[in-house]
**Student:** 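One structure coming up, written as structure tokens, with questions to follow.
The structure presented is a predicted model; accordingly, all values stated were derived computationally and were not measured.
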Amino acid sequence: MTIVAVPAGWPATEEEARAVQDELRGRVVLDEPGPRPGSGHVTGVDVAYDDGLDLVAAAAVVLDAATLDVVAQATAVGRVSFPYVPGLLAFRELPTVRAALDRLPCPPGLVVCDGYGLAHPRRFGLASHLGVLTDLPTIGVAKNPFTFTYDDPEPARGGCAPLLAGAEEVGRALRTRDGVKPVFVSVGHRVGLAGAVAHTLALTPRFRLPETTRRADALCRQALRQATAALAGGPAQGSTRRAPAPDGGAGVPAHGSAS
DNA sequence: GCGACAG
DNA sequence: ATCTTGTCGC
């Protein structure tokens, strides 16, 4: 198992990281409507951490946007590249997430991130950051309102209300299931807010969180378990090499896995 | 000045 | 994010 290296020149301090955000945010594209919901690919990305071993595992899971069937998936394991600081999440997750995306055998289409895009103190959350680095269309779907405010949406699925930074709408609080706490949707890159909301609803036929996020969450946790096990018992003799794993924990699921 | 704060 | 038992419900 290879461990993703932190890129050369990656910010080491909060000041440097904020400067990078201020420099890159001008490259965010906000005037494209984005992919049509229900067509092409939709890819979920997520990460899981092992603080003790300083590891982060990332997963990218590609779904068919029409059927929500898994089309492909990939994982990557890296060193944690930045401490957790609210507003600087991207610097902690992006190198490993990008590695997982690079390992996909097909184009990701729209990328759905676990967190924020424009809804960010400097309007450059991890979904926007990932979008600028890859030029892929991205959105952010977060579980918490962060520092933003909102009025409670109507209780039925589809109910939504502006997510506000003062008087500025930076996203939407969107009810994805009847009577459950809303999720917080914001634009990342090359997608409009209406499209981001429509995609989120298309991805939540059964649960509060998008299928993309749920699949990526399950896969990155599995990859982390595998990585911690390998680091604990595997390399005790240096570079013990075993027979190639059936799939290395990544790749396309078995043929005919569709229901 | 102090607290809150995506994951 | 992550630590964690039982518990309620489909």
**Student:** Within a strict 4.5 Å, meaning less than it, do heavy atoms of the A/Val4 and A/Val77 side chains meet?
**Tutor:**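 Not in contact.
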**Student:** Please answer whether the main-chain N or O of A/Pro182 pairs with a side-chain N or O of A/Arg208 as donor and acceptor at a distance below 3.5 Å.
**Tutor:**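 Yes; at least one donor-acceptor contact below 3.5 Å.
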**Student:** Can the positive tip of A/Arg92 be found less than 6.0 Å from the middle of the six-membered ring of A/Tyr49, inside 45° of the ring normal?
**Tutor:**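 Positive - A/Arg92 is close enough to the ring of A/Tyr49 and near enough to its axis.
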**Student:** In whole Å, what is the span from the NE2 atom of A/His120 to the C1' atom of B/dC5?
**Tutor:**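 So the two atoms are 11 Å apart, to the nearest Å.
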**Student:** Under 4.0 Å between a side-chain N/O of A/Tyr84 and OP1 or OP2 of B/dA6, yes or no?
**Tutor:**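 It does, given that an N or O in the side chain of A/Tyr84 lies less than 4.0 Å from OP1 or OP2 of B/dA6.
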**Student:** Can you tell me how far P of B/dA6 sits from CZ of A/Phe91, to the nearest Å?
**Tutor:**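 Going from A/Phe91 (CZ) to B/dA6 (P), I get 17 Å.
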**Student:** Kindly confirm or rule out a cation-pi arrangement of A/Arg214 over A/Phe207, judged by NZ or CZ under 6.0 Å from the six-membered ring centre and within 45° of its axis?
**Tutor:**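 Yes; both conditions hold, so A/Arg214 lies above the ring face of A/Phe207.
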**Student:** From CG of A/Leu89 over to P of C/dT2, roughly how many Å is that when rounded to an integer?
**Tutor:**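 Computing the A/Leu89:CG to C/dT2:P distance gives 12 Å.
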**Student:** Expected output is a numbered-order residue list: members of residues 136-145 of chain A with a heavy atom under 4.0 Å from any atom of DNA chain B. What is it?
**Tutor:**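 Within this stretch, A/Ala142, A/Lys143, A/Asn144 sit under 4.0 Å of the strand.
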**Student:** Quickly work out the A/Arg92 CZ to B/dG7 C1' distance and round it to whole Å.
**Tutor:**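 Result: 8 Å.
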**Student:** Count the heavy atoms belonging to other residues, nucleotides or ligands that lie under 6.0 Å from CD of A/Glu16, then report whether that count exceeds 12.
**Tutor:**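 For A/Glu16, atom CD is crowded (more than 12 foreign heavy atoms under 6.0 Å).
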**Student:** Should the pair A/Phe124 and A/His129 be assigned to parallel (<30°), tilted (30 to 60°) or perpendicular (>60°) ring geometry?
**Tutor:**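 Rings of A/Phe124 and A/His129: tilted, 30 to 60°.
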**Student:** With the threshold set at under 4.0 Å for non-hydrogen atoms, list the residues of residues 177-202 of chain A touching DNA chain B in residue-number order.
**Tutor:**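 When residues 177-202 of chain A is checked for heavy atoms under 4.0 Å from DNA chain B, there are no hits whatsoever.
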**Student:** Could you tell me whether A/Arg190 and A/Asp135 make a salt bridge, using a distance below 4.0 angstrom between a side-chain N and a carboxylate O?
**Tutor:**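 Yes, A/Arg190 and A/Asp135 are salt-bridged.
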**Student:** Given A/Arg98 and A/Glu93, is the salt bridge (Lys or Arg N to Asp or Glu O under 4.0 Å) satisfied, shown in steps?
**Tutor:** CA-CA 9 Å; A/Arg98 289 196 69 180; A/Glu93 310 196 336; over 6 Å; no
**Student:** Separation of A/Leu53 atom CG from C/dA1 atom P, in whole Å?
**Tutor:**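 It works out to 19 Å between those atoms.
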**Student:** Quickly work out the A/Asp54 CG to C/dT2 C1' distance and round it to whole Å.
**Tutor:**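 Between C1' of C/dT2 and CG of A/Asp54: 15 Å.
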**Student:** Regarding A/Ala48, tell me which of base, sugar-phosphate or nothing describes its non-hydrogen contacts under 4.0 Å with the strands shown.
**Tutor:**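 Result for A/Ala48 = sugar-phosphate.
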**Student:** Before accepting this row, confirm whether a basic side-chain N of the pair A/Glu23/A/Arg18 lies closer than 4.0 Å to the acidic partner's carboxylate O.
**Tutor:**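 No, this pair does not count.
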**Student:** Please give, in whole Å, the distance from C/dT2 P to A/Glu93 CD?
**Tutor:**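 My rounded result for the distance is 10 Å.
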**Student:** Start with the C-alpha gap between A/His120 and A/Phe146, add the side-chain angles, then the distance that decides, and say whether ring-ring contact (aromatic ring centres under 6.0 Å, His included) holds.
**Tutor:** CA-CA 9 Å; A/His120 178 273; A/Phe146 199 9; 7.1 Å; no
**Student:** Under a cut-off of 3.5 Å for both distances of each Watson-Crick or G-U pair, what dot-bracket string does DNA chain B give, using [ ] for crossing pairs and | for inter-strand pairs?
**Tutor:** .......
**Student:** Classify the nucleic acid contact of A/Leu163 as base, sugar-phosphate or nothing, counting any heavy atom under 4.0 Å across all strands shown.
**Tutor:**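 Nothing: the residue A/Leu163, judged by heavy atoms under 4.0 Å, touches no strand.
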**Student:** Distance-only, no hydrogens or angles: does the A/Ser186 side chain make a donor-acceptor pair with backbone N or O of A/Gly171 under 3.5 Å?
**Tutor:**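 No.
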**Student:** Atom CG of A/Asp50 and atom C1' of B/dG7: how far apart are they, to the nearest Å?
**Tutor:**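 Rounded to whole Å, this separation is 15 Å.
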**Student:** What nucleic acid atoms does A/Arg221 come within less than 4.0 Å of, heavy atoms only: base, sugar-phosphate, or nothing?
**Tutor:**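 Sugar-phosphate contact only - A/Arg221 comes under 4.0 Å of backbone atoms but never of a base.
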**Student:** Is a side-chain donor-acceptor pair under 3.5 Å present for A/Arg79 with A/Thr96?
**Tutor:**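 Side-chain D/A pair, A/Thr96 to A/Arg79: absent.
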